[in-house]
Structures are given as C-alpha cells and as structure tokens.
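Encoded as structure tokens, the structure appears first; notes follow it.
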Amino acid sequence: MNSLFNRCSIRRFTNEPLTEEQINLLMKAAFSAPSAKNAQPWEFILVTDPRKLHELSDLSPYAKPISGSALGIIVCANLNRNEMIDFCEQDCAAATQNILLEATELGLGGVWLGMYPAPGRSERLKVVFNLPDKIVPLWMLAIGHPDEQPSVKDKWNDAYIHYEEW
Ligand SMILES: Cc1cc2nc3c(=O)[nH]c(=O)nc-3n(C[C@H](O)[C@H](O)[C@H](O)COP(=O)(O)O)c2cc1C
C-alpha cells in the first residue's frame with residue numbers, strides 16, 4: 001500500500017486551499033476506522049480560518065505547523081458514545097492515521113500534533129472551542145499541500161519483533 005509506506009510528517013505547506021472533495025475524502029477515511037463496540041466516539045472540528053489556525057499554533061510549543069496549514073483538524077473524543085477514554089483514544093488514533101494515509105494518497109501532507117494528556121493543552125483547546133462536557137479534545141492535525149520534500153524514515157527494527165516468545 002503506497003500511501004502507507006510513503007507517509008511521513010509534513011510540517012510546511014503552500015497556501016493552496018483544499019477542495020471540498022479532498023476534505024470529504026479525508027473525513028470518509030476517518031469514518032472508515034474500526035472502533036471498540038463500533039461506538040465511533042470521534043468528533044472532528046475542521047478549521048480553515050488562518051487566524052484561528054494561528055491561534056491554535058500557540059496552544060503547544062510543538063504545534064507551529066498548524067499555522068500556515070490549509071486545514072486544521074481537532075480530533076475529539078465523545079465520552080457519551082464510549083465513557084472509557086482509553087478506548088476513545090485508540091479509536092480516534094485509528095481514525096487519525098486513516099486521515100494521514102488518505103492525505104498522502106491525495107498528494108497532500110500532514111502532521112499529528114499531540115495535545116492530550118499533556119497538562120493544560122487539551123483544557124486550553126476546550127476553552128477555545130467552548131466544548132460541552134464529555135467532549136475531550138485529544139490532538140490536532142495540520143494538513144495541506146506540502147512545501148517541503150517528503151523524507152520517509154526507515155523504521156524497520158528487528159529488535160522490536162518477537163517470534164513466538166519474548
Ligand atoms: C501522538 C503523536 C504526537 C505527535 N505530536 C507532534 C507534535 O506535537 N509536533 C510535531 O511536529 N510532530 C508531532 N508528531 C509527529 C512525530 O514527530 C512523527 O510522527 C515522528 O517523528 C515520526 O516521523 P514520521 O511521521 O515522518 O514518520 C506526533 C506524532 C504522534 C503519533
């Protein structure tokens with residue numbers, strides 16, 4: 001699967017916007033993810049307003065790439081659909097990886113920007129979007145047209161594979 005093996009984090013983007021079709025395909029990919037008990041506990045806040053994206057980039061010292069991206073996605077867990085946050089995280093992570101793979105497939109690039117559970121970061125996101133109870137912002141994605149050469153890392157490591165026993 002080419003998009004899987006060619007995916008790498010992209011942190012610099014041109015100012016070309018995404019089309020509605022591209023955004024819909026990214027969301028379709030997200031919704032294709034598996035989830036525990038098929039609870040689908042994810043929520044996605046889509047942001048294209050450059051001022052809002054800049055504001056989001058200040059919420060973590062490592063979130064700068066979202067400023068200048070074409071699309072910011074805030075991935076949230078909805079605890080009303082699965083009250084166990086750990087399961088929500090696993091489901092939302094699967095959806096997030098699907099988005100990154102679909103972005104690669106479309107010739108776009110993106111990067112995962114961690115927020116939860118770093119102290120304060122998720123809480124700040126909650127305030128920015130005035131989120132209701134039981135909606136937990138987990139992390140953000142910056143997506144856009146790459147303005148840097150992709151650099152795919154070779155992460156194969158024999159030592160991390162255990163055959164039949166530890
Ligand atoms: C949970 C998680 C949090 C991450 N947080 C950040 C972040 O805050 N800022 C950033 O620039 N990259 C972040 N990344 C991207 C990683 O740095 C990147 O995936 C890693 O260096 C491997 O590189 P690759 O994605 O090109 O394979 C995060 C990735 C994950 C999975």
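Keep in mind that what you see is a predicted model, and the values were worked out from it rather than measured. Numbering of ligands and ligand atoms starts at 1, following listing order.
Close contacts between ligand 1 and Ser9 involve ligand atoms 15 (C), 18 (C), 19 (O), 24 (P), 25 (O), 26 (O) [criterion: under 4.0 Å to a heavy atom]. Residue-ligand proximity, Cys8 to ligand 1, at heavy-atom distances under 4.0 Å covers atoms 26 (O). Heavy-atom contacts of Tyr62 reach the following atoms of ligand 1: 7 (C), 8 (O), 9 (N), 10 (C), 11 (O) (cutoff under 4.0 Å). Remark: ligand 1 atoms within the under-4.0 Å shell around heavy atoms of Gly114 are 3 (C), 4 (C), 5 (N), 6 (C), 7 (C), 8 (O).
With respect to atom 12 (N) of ligand 1, the closest heavy atom belonging to the protein is Arg11 NH2, 3.2 Å. Trp112 O, 2.8 Å is the protein heavy atom nearest to atom 13 (C) of ligand 1.
Classification of Arg81 and Glu43 as a salt-bridged pair holds, one side-chain N sitting under 4.0 Å from a carboxylate O.
Side-chain contact between Ile66 and Leu59 is absent, with no heavy atoms from C-beta onward closer than 4.5 Å.
Every N/O-N/O distance between Ser151 and ligand 1 stays at or above 3.5 Å. Considering backbone and side-chain atoms alike, Lys155 places an N or O below 3.5 Å from some N or O of ligand 1.
The cationic group of Lys52 lies under 6.0 Å from the six-membered ring centre of Phe129 and within 45° of the ring axis, placing it in a cation-pi geometry.
Of the possible polar contacts, none joining the Asn82 side chain to the Cys88 backbone as a donor-acceptor pair under 3.5 Å is found.
Taking the six-membered ring for Trp and thresholds of 30 and 60 degrees, Phe44 and Phe31 have ring planes more than 60 degrees apart, a perpendicular arrangement.
Here Val111 has side-chain heavy atoms under 4.0 Å from ligand 1, and that is the only part of it that gets that close.
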